[in-house]
Amino acid sequence: MNKYKFISAAVLAFALMSTVSCIKDLDVKPIDPSMQTQDKALATEQSYKAFLATTYAGFATSGYKGPDSDPSISGLDGGASQYIRGLYHLNGLTTDEALCGWNDQTIKDFHYMTWTTTDTFIYAFYSRIFHQIGLFNEFIRQARDCGIDSSEIQTYIAEARALRAYCYLHAIDNFGSVPFSDENTPIGTNCAQISRADLFAWMETELKDIINDSAIKAARTNEYGRVDKAFAQMVLAKLYLNAEVYTGQPRYQECADVCAELERAGYSLHPNFAELFMADNDKCTDEIIFAIQQDGVNIRSYGVTNYLIFASTGGSMETTEKGAGISSGWGGIRTTPQFFDLFTDNDSRRLFETANGQIKENTDIGDFTNGYAFVKFRNVRSDGTVPNTTVDKDGNVVMPGFVDTDFPVFRYSDVLLMEAECAKRGASVPNAQAAWDAVRARAGISGGSYTLEDVLDERGREFVQECWRRQDLIRFGKFTGSEYVWSWKGGILEGQGTESFRNLFPIPTADLNANANLKQNPGY
């Protein structure tokens, strides 16, 4: 990938101040450091583009001055509290997909399903969600009232609204009934708690309005790494797909209808599955609808794909261009034998390290070699080279400490598998079989007739480490309870049933204490 300039952007607390950010294609000229007041800092279209870049950066980094310094949320480790890393903690490590053997605070409680209301990692992700929502609210508020007659400003507002809805998707999915605010909420007030059903209704209305807004860029017409109409449609499709969980009322036909619109947007399956997760995956715009960017030079983080690649590498695994393409592994994340068994030997998505000392069983959760490791995300380009390598004084090539691999948030294959699932749940989807067959064919395996249970397994194979597994298991009734168990579920090696209230995470105690309007989720 190319190297990009750092972006100087305006960040709002109660007054604006100049700070540094770095999102690749939102490349703008720095705001003059002497322009510190709100009326001066946000006075041009370019200054609003800079501010918008800062909101995007909240998904890609921990702060605005490097991978771990000056994190946006005080009191939390900058690496562990990064947005996508937090999303994976709650939606990957709690499932059959992955476990982590570190002794970092309460990390193992995710596998055991024994987390509490004071869990630091839950608080970190919860805080990230609402930090981002606050940024988007402030951007929309300022841009709406800026008085600049510009169609681009209206596009920026539409993007901010779509990204805010994406954050609320994580809020409704992980926490249910949450504090709610938008651009009309007075600053400094304690937010009221909105019910899950009411948040669903607000999100549906908001997303439909964004999709129908002429200001939002049409699918595949915006800069890479910026959202468009297809992004908003994907958030709405996910909302409808899980409507029965969120509201008690299924909306599978509506999900299928949105997916049909996405099918007409010009996306296709990228021929080579592995290339979607390599260091030059920014070229895979045939399938990737939206990705969070990483650069290795300008966009550094101890979260996002840096976390997924480094934490999945350890033991005797290869770290050069033949393997992960990184300086050294952290030796943390592996899969469970139950998840590995979902794959057949001829499935091109079976991207695990099964040699070099790795064993299938998870007998010792603290031993990285216990469990096959992931090799799906790699910091290697499709031509076999590694970006940003250096040469030491002895002439040896040194692998980089940060990766260039972007994180695909939404892919076209998800559109096809949502259609396949909706058809089995009673929706009218004329091309459901073709959608199913296409995803299977790309993986090198046969299509044909399938069941609803097959869809869950296929989604597991297709979206490893992409933060959908928990949501999928809940929708199929297999996340909690004893119908499906895996290693260390419920705190024992063989796995055991768990309480249904753990389909939601708790509202963190710190926020309950700070806001009397909030009530805890049942069971906690």
Side-chain angles (χ1 to χ4, degrees), residues 11-14 54-55 58-59 62 71-76 81-84 86-87 89-91 115-142 144 160-207 209-210 235-236 238-239 242-243 245-248 470-471 474 501-524:
V11 177
L12 235 6
F14 291 99
T54 301
T55 66
F59 295 112
S62 297
S72 304
I73 301 173
S74 63
L76 296 171
S81 68
Q82 196 279 325
Y83 196 105
I84 299 302
L87 182 66
H89 282 158
L90 275 63
N91 292 274
W115 56 77
T116 69
T117 61
T118 58
D119 188 283
T120 300
F121 296 108
I122 294 175
Y123 178 56
F125 182 53
Y126 176 93
S127 299
R128 279 285 168 190
I129 291 174
F130 291 101
H131 171 76
Q132 285 296 113
I133 289 171
L135 278 178
F136 293 127
N137 286 344
E138 193 56 47
F139 177 86
I140 295 165
R141 183 183 296 118
Q142 294 295 333
R144 179 192 61 188
R161 291 172 66 194
L163 287 165
R164 181 177 63 183
Y166 174 63
C167 292
Y168 271 123
L169 180 66
H170 294 148
I172 195 174
D173 190 67
N174 289 276
F175 298 100
S177 178
V178 296
F180 176 80
S181 65
D182 62 12
E183 68 274 19
N184 300 311
T185 304
I187 296 174
T189 60
N190 278 337
C191 299
Q193 191 167 18
I194 189 171
S195 70
R196 213 176 192 188
D198 286 346
L199 180 55
F200 180 98
W202 180 87
M203 290 177 65
E204 180 184 19
T205 300
E206 176 77 352
L207 286 162
D209 190 59
I210 295 166
V235 179
L236 183 59
K238 287 292 183 181
L239 190 68
N242 296 282
V245 174
Y246 302 156
T247 70
R470 170 187 160 275
Q471 182 185 99
I474 289 174
F501 73 81
R502 293 192 183 277
N503 283 332
L504 280 175
F505 293 101
I507 304 297
T509 296
D511 209 29
L512 287 174
N513 292 340
N515 186 351
N517 295 327
L518 304 183
K519 292 183 179 179
Q520 185 57 273
N521 285 325
Y524 290 103

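The residues of the chain are indexed from 1 along the displayed sequence. Predicted model only: the values in this text are computed from it and were never measured.
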Note to self: Tell me whether Arg164 contacts the main-chain N or O of Asn137 through its side chain, where contact means a donor paired with an acceptor under 3.5 Å.
What the structure shows: no

Note to self: Can you list everything that forms a ring pair (Phe, Tyr, Trp, His ring centres under 6.0 Å) with Phe175? Sequence neighbours excluded, please.
What the structure shows: Tyr126

Checklist line | Listed partners of Arg502 passing salt bridge (Lys or Arg N to Asp or Glu O under 4.0 Å), at least two apart | finding: Glu499

Checklist line | Exercise: identify the closest heavy-atom pair between Ala160 and Ile140 | finding: CB-CG1, 3.9 Å

Notebook entry, point to check: When rounded to the nearest 0.5 angstrom, what is the spacing between CD1 in Ile172 and CE in Met203?
Noted result: 5.5 Å

Check: So, the side chain of Arg128 versus the backbone of Gly58: is there a donor-acceptor pair under 3.5 Å, distance only?
Finding: no

Check: Between Asn91 and Asn174, is any pair of side-chain heavy atoms under 4.5 Å apart?
Finding: yes

Next item on the list: Tell me, please, which residues at least two apart from Glu204 pass salt bridge (Lys or Arg N to Asp or Glu O under 4.0 Å).
Entry: Lys208, Arg251

Next item on the list: Would you sort out whether Asn521 and Arg196 count as a side chain to side chain donor-acceptor pair (under 3.5 Å), showing the intermediate values?
Entry: CA-CA 11 Å; Asn521 285 325; Arg196 213 176 192 188; over 6 Å; no

Item checked: Verdict with reasoning, Asp182 to Glu206, per side-chain contact (heavy atoms from CB on, under 4.5 Å) -> CA-CA 11 Å; Asp182 62 12; Glu206 176 77 352; over 6 Å; no

Check: Of all residues at least two apart in sequence or in a different chain, which pass the salt bridge (Lys or Arg N to Asp or Glu O under 4.0 Å) check with Asp209?
Finding: Arg161

Check: Would a line drawn from the ring center of Phe180 to the ring center of Tyr168 be shorter than 6.0 Å?
Finding: yes

Item checked: Between CD on residue Gln520 and OG on residue Ser177, distance to nearest 0.5 Å -> 10.5 Å

Next item on the list: Drop me the distance from Asn190's CG to Asp511's CG, to the nearest 0.5 angstrom.
Entry: 8.5 Å

Check: What pairs with Tyr83 under ring pair (Phe, Tyr, Trp, His ring centres under 6.0 Å), at least two apart in sequence or on another chain?
Finding: Phe59, Phe125, His170

Item checked: Candidate pair Leu199 and Tyr246, rule side-chain contact (heavy atoms from CB on, under 4.5 Å), full reasoning -> CA-CA 9 Å; Leu199 180 55; Tyr246 302 156; over 6 Å; no

Checklist line | Expected output: side-chain Asn517 to main-chain Pro179 donor-acceptor under 3.5 Å | finding: no

Check: Relative to each other, are the rings of Trp115 and Phe505 parallel, tilted or perpendicular (30° and 60° limits)?
Finding: tilted

Notebook entry, point to check: How long is the gap from CD on Gln471 to CG on Leu169, to the nearest 0.5 Å?
Noted result: 6.5 Å

Next item on the list: Check the pair Ile194 / Val178 against side-chain contact (heavy atoms from CB on, under 4.5 Å), numbers first and verdict last.
Entry: CA-CA 6 Å; Ile194 189 171; Val178 296; 4.3 Å; yes

Checklist line | For Arg470, salt bridge (Lys or Arg N to Asp or Glu O under 4.0 Å) partners two or more places apart | finding: Asp173

Note to self: Using every non-hydrogen atom in the two residues, find where Phe501 and Pro522 come nearest and quote the distance to one decimal.
What the structure shows: CB-O, 3.5 Å

Margin query: Can you tell me which residue among Thr118, Asp119, Thr117 is in a side-chain hydrogen bond (donor to acceptor under 3.5 Å, both in side chains) with Thr509?
Written below: Thr117

Check: OH/Tyr524 to CG/Leu504 distance, rounded to the nearest 0.5 angstrom?
Finding: 7.0 Å

Margin query: Return the CD1 to CG distance between Ile133 and Leu163, rounded to the nearest 0.5 Å.
Written below: 11.5 Å

